[in-house]
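Everything on this sheet refers to the single structure shown next.
In this text the structure is predicted, and so the values were computed from the model without any measurement. Per chain, numbering begins at 1; letters A, B, ... match sequence-line order.
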2 protein chains.
Amino acid sequence: MNSIEVARLAGVSRSTVSRVINNYANVPNETREKVMKVIQQYNYFPNVSAQVLAGKRARTIGLFLIAPGHVSSDILTNMLIVSVIEHASACGYYVLTHIIRDAKDTETVKNVKEIFFQRRIDGGIFIGAANHEPFIEELVAEGFIVGVVDQEHPEIPQSNRIVANFNNDSGMKQAVAYLAGLGHTRIGVINGDMNRLSGPTKYEGFLKAMQLCGLQVNRDWVLEGSFHEESGYEAIHTFLRIQGERPTAIIAANDSVAFGAIRALKEHGLQVPEHISVIGFDDHALSEKHHPALTTIRVDFSDMLKQLTTILIAKIEKPSSDIREITLDCCLVIRESCRRV
Amino acid sequence: MNSIEVARLAGVSRSTVSRVINNYANVPNETREKVMKVIQQYNYFPNVSAQVLAGKRARTIGLFLIAPGHVSSDILTNMLIVSVIEHASACGYYVLTHIIRDAKDTETVKNVKEIFFQRRIDGGIFIGAANHEPFIEELVAEGFIVGVVDQEHPEIPQSNRIVANFNNDSGMKQAVAYLAGLGHTRIGVINGDMNRLSGPTKYEGFLKAMQLCGLQVNRDWVLEGSFHEESGYEAIHTFLRIQGERPTAIIAANDSVAFGAIRALKEHGLQVPEHISVIGFDDHALSEKHHPALTTIRVDFSDMLKQLTTILIAKIEKPSSDIREITLDCCLVIRESCRRV
DNA sequence: CTGAAAGCGCTTACAG
DNA sequence: CTGAAAGCGCTTACAG
């Protein structure tokens, strides 16, 4: 079944069939209905490759998740994927999902670029990439429409790059202020991946917030991490082996890190929040059910991706020179992992 | 950049460029290298729409997840998606993921069919569909290559339908035998969705296993459910409101249902396993961390989807009349939610 | 309002 | 070993 067949059966030309499919105004109702009847009756759907080749959009966007080898098959990831798919679907777009295990692997990078150059997709969203990831820069430079989460706009912003971030600064401020309000003065931090934008911004936010509250930062209590449960566990584990003064509260770069940290603390006989307070970031789906229920800074990934997807598709449909940037606020959620000292 | 440009720059015809791209044997090394150099230098990737239109495959498969409205954004779902994507990727295929909220909605169904008819994908995998779901039957009848999880092969099996299932019968037998071995004689069950194949097969497996162990089935202890946490909670909640004799052990249709059941039991002051034993099915990622750690029947979804994806792609690349069916075994994992009576 | 025709960028028999 | 040409199934100026 193709448009020629439909045309023959409806007694019109392919041009007219095409006009009906594409909702041209200059088709009389009678003709339109005649054609539609055949289309419905024969279950005809235009071949998408032919449409794309003739200049239409693929109506497909790419979703690229950069997930390191030791992937935590995380509830969050699932939510991100589903958010993008559902919002794209609401705009009539399909999503080609792709997982990037190693953004440094040449073969992998080639595959990702291929997807754009082959014109499989009209644009793409990248989640979890390093700030200034070179191959993403290349794609932007090539003019492809790209949405990125957790990266900064470069000096000279481009209109085909859409940037989405949380207000990490304000989040950290809320966390520190809350702890300070509970009487904590000795506050430590477990950092995230410093190659991603949110790593350094959260840390800088922490430093600024500490200063604002008139609190000293103890460099021994600034621990390295990488946004994973394991890294929170390792950070605390290593830290506790060395004897020395301990903080009364710890801010983790995200909730997964907080889970790992609490696990390590428990193993060392330290109860949360009795012996030490812990605060996370994200409000992961498990944080509420965690023991103790995790106090954290809530962030709305679903809303972010909804906005990002919508703007991406809008850009695809109507390229404009607007520079688009999304910044979402976050807010403190008080549960049971912090106590007054 | 297109094949004409490449041809011009390499000083050959488009035919030759195409032969190089498609690895034809009859191209001398010298010519091949000349062309490859231009391709590499100019970052040329053939337009996929043109290739598909000319008869090549899209190298894309569809992944359709039927997830009810009140979706549990589940760790399992994430694992399923990632499994399919990674195994498809290993075969050089892309995955178009699509979420079906309501398989009874005409518009939704039309969209799914469209994806096949438009030739966006070379085949598709359906997870979570009802047994004999009509629109999947239609797609199979149209000759599309389809992989389904948790459905039965019809009377007259088709070679373009690949069926993947777990050996639920054996799983239930293991669960009942284990409980019987612990001295339980009063065993209840919370069923799954009876519209899906695994719903009735698990229940039938339960009945058979009970008979095999010489145990009586008490109809009051056969509770309705639907594979969701909430349904396990509801089932137990409703059941406990009615006074009467209680079972000493309950088998849940899956781990999510078991979680819900345990939550409800706790609320009624019944501890697991002290007052009642509970056994799940699946070995969900959270089961090990659950309190109490859940005894369950382990099932390997990742392996199943790896096999299904591989066979689907093999069928796409080389259609054959073989009837393909996958059945994976499951095995008991003993943890802490069951005790001897 | 509608049709004939060019063009999108490939692949692949066909001929040499 | 290689090129010219037909064909895949659409869309869209162009002409009427």
Side-chain angles (χ1 to χ4, degrees), chain A residues 1-36 38-39 42-60 92 114-122 142 316-317, chain B residues 1-36 38-39 42-60 92 114-122 142 316-317:
Chain A
M1 197 75 218
N2 58 26
S3 69
I4 297 188
E5 273 294 287
V6 174
R8 200 177 52 73
L9 290 160
V12 297
S13 73
R14 299 153 71 198
S15 315
T16 301
V17 172
S18 183
R19 286 191 195 98
V20 170
I21 289 167
N22 293 292
N23 270 314
Y24 276 47
N26 57 353
V27 181
N29 257 327
E30 200 192 344
T31 312
R32 184 181 303 278
E33 275 161 24
K34 207 166 53 182
V35 174
M36 284 307 289
V38 177
I39 288 180
Y42 289 85
N43 232 330
Y44 166 73
F45 294 96
N47 180 306
V48 77
S49 296
Q51 286 184 311
V52 173
L53 199 56
K56 309 230 85 170
R57 288 181 210 96
R59 298 190 80 79
T60 307
E114 188 177 30
I115 297 175
F116 282 86
F117 280 99
Q118 286 182 326
R119 299 281 159 192
R120 270 181 195 274
I121 55 178
D122 303 315
E142 282 286 345
I316 288 167
E317 308 228 306
Chain B
M1 198 75 218
N2 58 26
S3 68
I4 297 188
E5 272 295 286
V6 174
R8 201 177 52 72
L9 290 161
V12 296
S13 72
R14 299 153 72 199
S15 314
T16 301
V17 172
S18 182
R19 285 191 196 99
V20 169
I21 289 168
N22 292 292
N23 271 313
Y24 276 48
N26 58 352
V27 181
N29 257 327
E30 201 190 345
T31 313
R32 182 180 304 277
E33 276 161 23
K34 210 164 53 184
V35 174
M36 284 307 290
V38 177
I39 288 179
Y42 289 83
N43 234 331
Y44 166 72
F45 293 94
N47 181 306
V48 75
S49 296
Q51 287 185 310
V52 173
L53 200 54
K56 308 229 87 171
R57 288 180 209 96
R59 298 190 79 81
T60 307
E114 188 177 31
I115 298 176
F116 282 86
F117 280 100
Q118 286 182 326
R119 297 281 159 192
R120 271 181 194 273
I121 56 178
D122 303 314
E142 281 286 345
I316 288 168
E317 309 228 305

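- Pairs of residues two or more places apart, or lying in two chains, that qualify as salt bridge (Lys or Arg N to Asp or Glu O under 4.0 Å) and include a residue from residues 3-26 of chain B are Glu5(B)-Arg8(B).
- Applying the salt bridge (charged side-chain N to carboxylate O under 4.0 Å, His left out) criterion to Glu317(B), with sequence neighbours excluded, gives Arg59(B).
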Sequence neighbours excluded and cut-off under 3.5 Å, please list the side-chain donor-acceptor pairs for residues 45-53 of chain A, or say none.
residue  : atom : partner  : partner atom : Å
Asn47(A) : OD1  : Ser49(A) : N            : 2.7
Asn47(A) : OD1  : Ala50(A) : N            : 3.1

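- Residues passing the side chain to side chain contact (heavy atoms under 4.5 Å, CB included) test with Ala54(B): none are found, sequence neighbours excluded.
- By the side chain to side chain donor-acceptor pair (under 3.5 Å) test, Arg32(A) pairs with no residue at all, sequence neighbours left out.
- Under the rule for a side chain to side chain donor-acceptor pair (under 3.5 Å), the partners of Thr60(B) that lie at least two apart in sequence or sit in another chain are Arg120(A).
- A search for side chain to side chain donor-acceptor pair (under 3.5 Å) contacts involving Ser18(B) returns Asn22(B), not counting sequence neighbours.
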Inset, instruction - If a protein heavy atom is under 4.0 Å from the base, mark B; if only from the sugar-phosphate, S; if neither, -; do that for nucleotides 8-16 of chain C going 5' to 3'. - result: BBBBBB---
Legend entry - Canonical and wobble pairing (Watson-Crick, G-U, under 3.5 Å) of DNA chain C, dot-bracket with |: |||.||||||||.|||
